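Scroll down for the structure; my scribbles are underneath it.
Note that ligands are numbered from 1 as they come in the structure, with each ligand's atoms numbered from 1 the same way. In this chain, residues are counted from 1 in sequence order. None of these values were measured; they are calculated from a predicted model. Just the heavy atoms: all of them, side chains too, but no hydrogens, waters or symmetry mates, feed the values below.
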Amino acid sequence: MRVSSWREHSVIGYIQALLFTAAALTLWSYWREFHALPFMLLLSAVLLSARFCGFGPALFSTLLSVAILDYVILTPHLALSLSKAALAQLFVFLLISLLASSLARQQSRADLRAQQVQRQLADIVESSQDAILSNDVNGIITSWNGGAERLYGYRADEVIGQPIVILAPADGHEEIPGMMGELLKGERVQHYRTQRVRKDGKRLTVFLSVSPLRDDQGKIVGASTITQDITAQVRAEEALRKNEKLATAGRLAATIAHEINNPLEAIGNLLYLAHRNKQKAEEYISMAERELQRVASIAQQTLGLVRGAASLSRVDVASILDEVLNLHARKLRINRIEVRTDYRQAIQIHGHAGELRQVFSNIIGNAIEALPENGGLRVRAQRWQETNGACRPGVRVTIADNGSGISRQSMTHIFEPFFTTKKDTGTGLGLWLSYSIVQRHGGWIRVRSRVGRGRSGTIFSVFLPAAAEPSKAA
Ligand SMILES: Nc1ncnc2c1ncn2[C@@H]1O[C@H](COP(=O)(O)OP(=O)(O)OP(=O)(O)O)[C@@H](O)[C@H]1O
Ligand SMILES: [Mg+2]
């Protein structure tokens with residue numbers, strides 16, 4: 001591709017080249033000291049043309065100089081014929097001049113490219129949706145793009161020359177000088193979330209990327225700031241978090257109400273029967289008492305679930321698993337899920353019963369939700385000694401299902417808060433909470449899962465050390 005420079009075609013450039021050459025000739029003709037240096041003078045004219053006017057004018061000056069040398073300066077004067085020695089001199093002159101001209105051509109191209117890149121960058125900045133602005137070391141705004149105009153509501157001519165603190169809220173005026181101080185110390189680009197104010201006084205939550213601007217010597221002369229408005233995003237996140245909290249509370253309340261309602265209904269029926277059939281009254285009343293005990297234990301469990309046990313105590317993992325399976329008994333029955341348990345020994349550890357109940361309730365609940373009808377659930381607990389690190393003794397609980405499995409994509413997110421694939425029913429807090437509870441007990445959770453036709457399923461393993469370090473468990 002041919003790149004042409006305005007300088008190459010500029011008439012002014014050619015006129016300047018003509019003047020440089022004419023000046024050289026004049027100096028040679030009227031100044032005796034220069035009389036012996038015609039080549040030097042004309043070469044200077046070519047070099048000056050190359051430096052200031054570009055390739056075309058330099059070439060023009062070269063040809064003009066060759067003509068002057070041949071016709072005026074070299075003998076025989078005013079004739080085109082030349083001796084061999086003069087021809088050699090002319091040849092060397094031509095060579096040097098052409099070299100200088102071609103260097104000028106390269107310089108012209110590089111300049112042009114730099115100009116084009118600069119113009120393109122300026123266009124990108126101007127058309128960017130993000131607000132991009134710059135300021136000098138004194139915090140005075142020096143540039144302002146269309147995005148900044150849309151975001152802050154100020155036109156460029158209103159803010160350029162104004163202090164940048166006009167964009168900060170009254171309680172955040174110190175932030176900008178502080179940040180500039182850091183930049184001047186040579187700190188790198190800074191990204192942070194903060195507040196800004198629009199021209200109409202509306203507060204915005206923004207994400208800023210501030211980078212230093214340097215001059216040719218590398219000295220910091222200001223800062224450029226890219227501002228993204230994240231007000232809507234922050235509001236949506238807050239609303240989502242609030243909704244999730246409400247949904248969790250709602251779901252918890254519904255589960256408790258449901259679990260309590262069943263035995264209460266049974267108690268009502270049994271009392272009615274006891275009234276009707278006096279002979280069997282005692283039997284009915286003791287059945288009602290058992291149901292009442294169930295209500296009491298549900299209430300106790302739920303309190304433990306919500307509050308967590310007040311302090312560390314000896315906890316029997318097997319009986320916690322029994323309680324949790326009991327809590328889910330109805331769903332297991334309805335979905336005809338085959339449960340196999342394998343935890344004969346009483347395995348005790350130090351921990352919070354309520355919190356651990358929450359962990360196993362969530363993992364087993366997830367398994368039940370992933371299982372189809374007639375699916376299988378296996379719950380196993382065994383004494384276990386870690387094979388690496390401190391090799392602590394403890395208990396390992398394995399909960400395996402042959403349900404839907406967890407996709408590779410979901411696997412990386414399941415322990416993140418609010419990650420759920422159950423759009424309407426899940427909060428995505430279960431595993432996140434479970435993970436932090438197990439961690440507080442000094443243990444770990446691992447998961448393996450497979451998704452595939454006829455071979456899918458998930459295994460959660462939870463290790464709890466026999467003696468949770470009190471500091472961690474606190
Ligand atoms: N056994 C499992 N089988 C298949 N997917 C699972 C299993 N356990 C967890 N998951 C996946 O992990 C996600 C996160 O689980 P988590 O318990 O944190 O939240 P949730 O169950 O969706 O919601 P919540 O626990 O609040 O009811 C689930 O949505 C599900 O996609
Ligand atoms: Mg869950």
Side-chain angles (χ1 to χ4, degrees), residues 237 240-259 301-302 304-306 308 320-321 323-325 327-332 334-341 354-381 396-440 443-463:
E237 275 170 16
L240 187 72
R241 223 168 290 141
K242 240 183 236 169
N243 275 348
E244 299 290 4
K245 275 187 195 158
L246 285 176
T248 316
R251 270 173 357 98
L252 194 64
T255 315
I256 296 165
H258 192 271
E259 292 299 328
Q301 278 178 29
T302 346
L305 202 87
V306 176
I320 289 186
L321 291 171
E323 280 172 28
V324 170
L325 285 171
L327 206 68
H328 289 284
R330 207 176 53 83
K331 267 195 204 158
L332 290 167
I334 292 173
N335 292 334
R336 288 197 283 273
I337 289 166
E338 187 209 332
V339 183
R340 275 202 290 148
T341 54
E355 288 190 356
L356 293 178
R357 206 177 287 126
Q358 188 171 0
V359 171
F360 296 124
S361 174
N362 182 55
I363 297 176
I364 290 174
N366 283 346
I368 295 171
E369 279 161 7
L371 278 167
E373 266 195 27
N374 299 314
L377 175 70
R378 207 187 71 194
V379 184
R380 190 173 189 200
R396 177 172 161 152
V397 179
T398 327
I399 296 162
D401 67 72
N402 58 358
S404 58
I406 304 171
S407 70
R408 203 177 271 243
Q409 208 183 3
S410 299
M411 190 57 105
T412 47
H413 302 293
I414 57 171
F415 292 106
E416 289 171 11
F418 302 117
F419 175 79
T420 180
T421 52
K422 305 161 197 170
K423 271 193 189 133
D424 302 324
T425 54
T427 62
L429 291 174
L431 284 180
W432 176 64
L433 277 172
S434 305
Y435 188 87
S436 61
I437 290 173
V438 171
Q439 235 185 4
R440 280 209 301 271
W444 44 252
I445 301 189
R446 283 176 197 157
V447 55
R448 277 191 297 146
S449 191
R450 186 203 295 245
V451 183
R453 229 178 295 148
R455 308 190 65 192
S456 51
T458 305
I459 305 177
F460 273 88
S461 302
V462 179
F463 171 77

* **Under 4.0 Å to a heavy atom of Ala367 - the qualifying atoms of ligand 1, by number** => 1 (N)

* Asked: Which protein N, O or S atoms does the Mg ion (ligand 2) have within a distance shorter than 2.8 Å?
  -> Asn362 OD1, Asn366 OD1

* Relative to atom 8 (N) of ligand 1, which among Asn402, Asn366, Ile399 owns the nearest non-hydrogen atom? -> Asn366

* Asked: Any idea which atoms of ligand 1 are less than 4.0 Å away from a heavy-atom of Asn362?
  -> 17 (O), 25 (O)

* Asked: Do Asn362 side-chain atoms and Gly430 backbone N/O form a donor-acceptor pair below 3.5 Å?
  -> yes

* **Per-atom contacts of ligand 1 with Phe460, taking only distances under 4.0 Å to non-hydrogen atoms** => 8 (N)

* To do: Only heavy atoms count here, so choose which of Ser449, Gly405, Gly430, Ala400 is nearest to atom 4 (C) of ligand 1.
  => Gly405

* Asked: Looking at ligand 1, does any of its N/O atoms fall within less than 3.5 Å of an N/O of Thr420?
  -> yes

* Do any N/O atoms on Ser404 end up under 3.5 angstrom from N/O atoms on ligand 1? -> no

* What heavy-atom pair brings Ile320 and Arg357 nearest, and what distance separates the two atoms? -> CG2-CA, 3.8 Å

* Looking at side-chain heavy atoms only, is the closest gap between Val339 and Leu332 below 4.5 Å? -> yes

* Asked: Is it true that atom CD of Gln409 has more than 12 heavy atoms of other residues, nucleotides or ligands lying nearer than 6.0 Å?
  -> no

* Minimum side-chain heavy-atom gap Glu338-Asn402 below 4.5 Å -> no

* Do any nitrogen or oxygen atoms of Lys422 come within less than 3.5 Å of a nitrogen or oxygen of ligand 1? -> yes

* List the atom of Ile459, the atom of Ala400, and the distance in Å for their closest heavy-atom pair. => CG1-CB, 3.9 Å

* To do: State the OG-CD distance between Ser361 and Glu323, to the nearest 0.5 angstrom.
  => 10.5 Å

* side-chain contact (heavy atoms from CB on, under 4.5 Å) assessment of Phe415 paired with Ser434 -> CA-CA 9 Å; Phe415 292 106; Ser434 305; over 6 Å; no

* Is atom CH2 of Trp444 surrounded by more than 12 heavy atoms (other residues, nucleotides or ligands) closer than 6.0 Å? -> yes

* Euclidean distance, Thr458 OG1 relative to Arg450 CZ, rounded to 0.5 Å -> 11.0 Å

* Ignoring hydrogens and angles, tell me if any N or O in the side chain of Ser456 forms a donor-acceptor pair with the backbone of Gly403 under 3.5 Å. => yes

* Structure fact -> Closest to atom 16 (P) of ligand 1 (heavy atoms only, candidates Leu431, Val451, Ile364, Leu371) is Leu431

* To do: Check each atom of ligand 1 against the heavy atoms of Thr421 and keep those under 4.0 Å away; list them by number with element.
  => 28 (C), 29 (O), 30 (C), 31 (O)

* Structure fact -> Within the 4.0 Å heavy-atom cut-off, what Asp401 brings close to ligand 1 is side chain

